[in-house]
Protein chains: 2
Amino acid sequence: MVKEQNTEDRIVDAAKKVFINKGMDGARMQEIANEAGINKALLHYYFRTKNKLFEKVFSLVFGDVLHVIEQAVTKETDFEQFLENFIRQYIRLLKNKPFIPQFVIHELNRKPERIVAQIQSKNVIKEQMFSIIERAVEKKEIRPIQPVHLVTNILALCIFPFVAKPMVKGLALDDDEKKYKQYINERPDEVVAFVKQAVLLR
Amino acid sequence: MVKEQNTEDRIVDAAKKVFINKGMDGARMQEIANEAGINKALLHYYFRTKNKLFEKVFSLVFGDVLHVIEQAVTKETDFEQFLENFIRQYIRLLKNKPFIPQFVIHELNRKPERIVAQIQSKNVIKEQMFSIIERAVEKKEIRPIQPVHLVTNILALCIFPFVAKPMVKGLALDDDEKKYKQYINERPDEVVAFVKQAVLLR
DNA sequence: GTCTATAACCGGATAGAC
DNA sequence: GTCTATCCGGTTATAGAC
């Protein structure tokens with residue numbers, strides 16, 4: 001977005017790119033330096049260790065994820081509108097940054113304590129989503145379902161096609177990139193329809 | 001399962017354990033050797049390089065995954081039975097080996113070409129699943145839906161709670177292991193009900 | 001086949017000049 | 001702030017005795 005960046009930002013951007021694609025263990029400081037157009041020593045000058053640089057990147061990325069979800073959540077309180085908006089917005093985001101979920105999931109599994117350190121805005125999001133669902137159940141707009149399950153179902157349907165891309169593409173779509181693109185384009189309608197059918201009372 | 005194992009099998013078992021938990025990049029030959037109760041040199045005697053050992057492990061694990069799915073698929077041809085069996089069997093399996101999907105997904109993303117090398121039984125599974133679904137659509141047992149979407153929806157609903165455990169537990173369940181266990185126990189009924197609602201024509 | 005010892009290498013981190 | 005050169009620990013891989 002920005003043209004002229006200071007060194008620190010260039011490093012962070014480069015680090016994001018490399019860490020997201022290779023993970024903490026697979027990433028190389030040399031590669032990050034190359035990506036940023038500087039040399040290794042300078043990385044250490046700005047962020048003393050690889051680990052510190054990684055933590056910085058992870059908290060930024062995870063913060064973004066939470067922020068986007070929060071945005072999508074706090075817009076609507078009507079259930080059907082919320083469902084539509086959330087699913088479409090979230091999948092659109094994933095189309096632009098398809099490697100983020102795999103990165104976040106992998107690094108959270110590697111070090112699950114991380115989640116605790118990161119949970120500031122968590123409760124806002126959780127309470128908001130849960131209350132939308134609970135209200136919809138009370139109003140008999142949807143069948144009785146526990147909020148945790150509905151939320152994870154929705155996230156699963158949105159995220160899985162991206163994290164499991166090689167499997168979906170290889171096992172079901174003849175390893176054909178065009179078919180995969182097409183499939184991804186169909187997902188928003190498909191997921192919205194699927195969830196609505198599953199929970200809306202008609 | 002077996003008590004007395006030869007060295008090669010002990011190595012492979014140890015390697016599975018370590019690679020599945022740490023991934024290719026995070027795993028250490030020393031740790032595998034310790035786990036197998038031998039020394040590093042012997043690893044190289046049996047499998048010349050770390051990479052060769054990893055490839056062996058990956059193809060075994062991925063083969064198992066495909067095999068289990070194949071089993072679940074080829075049992076029933078009636079749609080509703082297939083749905084029930086598949087979901088319940090698959091989640092039961094994941095409860096026993098919760099780290100497999102994250103491992104497979106991560107390593108496939110690291111090297112997507114892998115999938116091509118591994119696709120022997122692929123088509124049997126795919127054709128079988130797809131034809132069960134297509135027949136159900138024709139018979140008006142379920143609403144019209146593309147097989148790819150239904151299959152990925154089902155897999156997503158089964159797998160996601162395991163690969164995203166830290167997120168589900170941390171963001172939605174107060175980071176409480178008991179609540180997570182409880183949540184996982186509810187999944188089979190929840191997923192079966194969700195999918196049936198979503199597709200069955202009543 | 002299995003071990004100990006060690007070579008060879010790689011990658012994160014530091015020293016020090018500019 | 002940025003660079004080149006270098007160190008040093010850890011990890012894969014090999015040599016060679018048993």
Side-chain angles (χ1 to χ4, degrees), chain A residues 2-61 99 103 106-107 109-111 113-114 117, chain B residues 2-61 99 103 106-107 109-111 113-114 117:
Chain A
V2 184
K3 262 285 159 60
E4 293 296 322
Q5 284 180 307
N6 61 33
T7 306
E8 185 161 340
D9 291 344
R10 294 241 308 287
I11 291 175
V12 171
D13 281 355
K16 265 190 198 171
K17 195 166 167 182
V18 175
F19 278 131
I20 286 172
N21 282 299
K22 305 283 176 79
M24 168 65 180
D25 293 329
R28 293 291 164 261
M29 293 298 263
Q30 186 60 60
E31 193 179 348
I32 295 173
N34 294 343
E35 188 69 36
I38 53 159
N39 66 333
K40 269 196 302 177
L42 213 47
L43 296 181
H44 292 282
Y45 174 77
Y46 280 95
F47 305 85
R48 269 181 1 90
T49 67
K50 181 184 181 183
N51 202 51
K52 285 198 192 333
L53 177 54
F54 176 81
E55 292 298 337
K56 174 82 179 180
V57 166
F58 184 83
S59 70
L60 284 176
V61 172
F99 301 124
F103 169 69
H106 181 248
E107 297 300 339
N109 277 317
R110 227 174 46 91
K111 211 153 180 277
E113 316 85 80
R114 237 184 266 291
Chain B
V2 184
K3 263 284 157 63
E4 294 295 324
Q5 284 180 309
N6 62 32
T7 306
E8 184 161 342
D9 291 343
R10 293 239 310 286
I11 291 174
V12 171
D13 281 354
K16 266 190 197 170
K17 195 165 167 183
V18 176
F19 278 131
I20 286 172
N21 282 300
K22 305 281 176 83
M24 167 66 181
D25 294 329
R28 294 290 164 258
M29 294 296 264
Q30 186 60 58
E31 193 179 349
I32 296 173
N34 295 344
E35 188 70 35
I38 55 160
N39 65 334
K40 275 193 300 177
L42 214 47
L43 296 181
H44 289 94
Y45 173 78
Y46 280 95
F47 305 86
R48 266 180 7 86
T49 66
K50 180 185 180 183
N51 202 52
K52 284 198 193 333
L53 177 55
F54 176 80
E55 291 299 334
K56 175 82 178 181
V57 166
F58 184 84
S59 71
L60 285 175
V61 172
F99 301 125
F103 169 70
H106 182 247
E107 297 300 339
N109 277 318
R110 229 174 44 93
K111 214 156 178 273
E113 318 84 81
R114 238 185 266 291

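By convention in this document, chain letters (A, B, ...) are assigned in the order of the sequence lines, proteins followed by strands, and residues within each chain are numbered from 1.
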To the nearest Å, how far apart are [X] [atom1] and [N] [atom2]?
X	N	atom1	atom2	answer
Arg10(A)	dT2(D)	CZ	C1'	12 Å
Ile11(B)	dT2(C)	CD1	C1'	10 Å
Phe19(B)	dT11(D)	CZ	P	14 Å
Glu31(A)	dC10(C)	CD	P	15 Å
Lys52(B)	dT14(D)	NZ	C1'	15 Å
Asp9(A)	dG1(D)	CG	P	12 Å
Leu42(B)	dT14(D)	CG	C1'	14 Å
Gln30(B)	dT4(C)	CD	C1'	13 Å

key: Note, Met24(B) side chain near Asp25(A) side chain (heavy atom, < 4.5 Å)   =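 Of all side-chain heavy-atom pairs linking Asp25(A) with Met24(B), none is under 4.5 Å.
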ask   = Quick one: does Lys50(B)'s side chain get under 4.5 Å of Arg28(B)'s, heavy atoms only?
value =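 A side-chain contact exists here, since the closest heavy-atom pair is under 4.5 Å.
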request  = Provide the closest heavy-atom pair for Thr49(B) versus Met29(B) in the form atom of the first, atom of the second, distance.
outcome  =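 Between these two residues, the closest heavy atoms are C-CE, 4.5 Å.
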ask   = Between Glu107(A) and Arg110(A), does at least one N-O distance fall below 4.0 Å, as a salt bridge requires?
value =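 Yes, charged N to carboxylate O under 4.0 Å.
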request  = Give a yes/no on whether any side-chain N or O of Asn39(A) is located under 4.0 angstrom from OP1 or OP2 of dC3(D).
outcome  =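 For dC3(D), OP1 or OP2 has a side-chain N or O of Asn39(A) closer than 4.0 Å.
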ask   = What distance do Tyr45(B) atom OH and Ile38(B) atom CD1 have between them, rounded to the nearest 0.5 Å?
value =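 So the gap between those two atoms works out to 12.0 Å.
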Each nucleotide N or O in nucleotides 13-16 of chain C that has a protein N or O under 3.5 Å away: list the pair and distance.
unit_1: dA13(C); atom_1: OP2; unit_2: Lys50(A); atom_2: N; d: 2.7
unit_1: dA13(C); atom_1: N6; unit_2: Lys40(A); atom_2: NZ; d: 3.4

request  = Using the six-membered ring wherever Trp is involved, compare the ring planes of Phe19(A) and Phe54(A) and label them parallel, tilted or perpendicular (cut-offs 30° and 60°).
outcome  =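 It falls in the perpendicular class, over 60°.
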request  = Classify the nucleic acid contact of Ala33(A) as base, sugar-phosphate or nothing, counting any heavy atom under 4.0 Å across all strands shown.
outcome  =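 Counting heavy atoms under 4.0 Å across all strands, no contact is made by Ala33(A).
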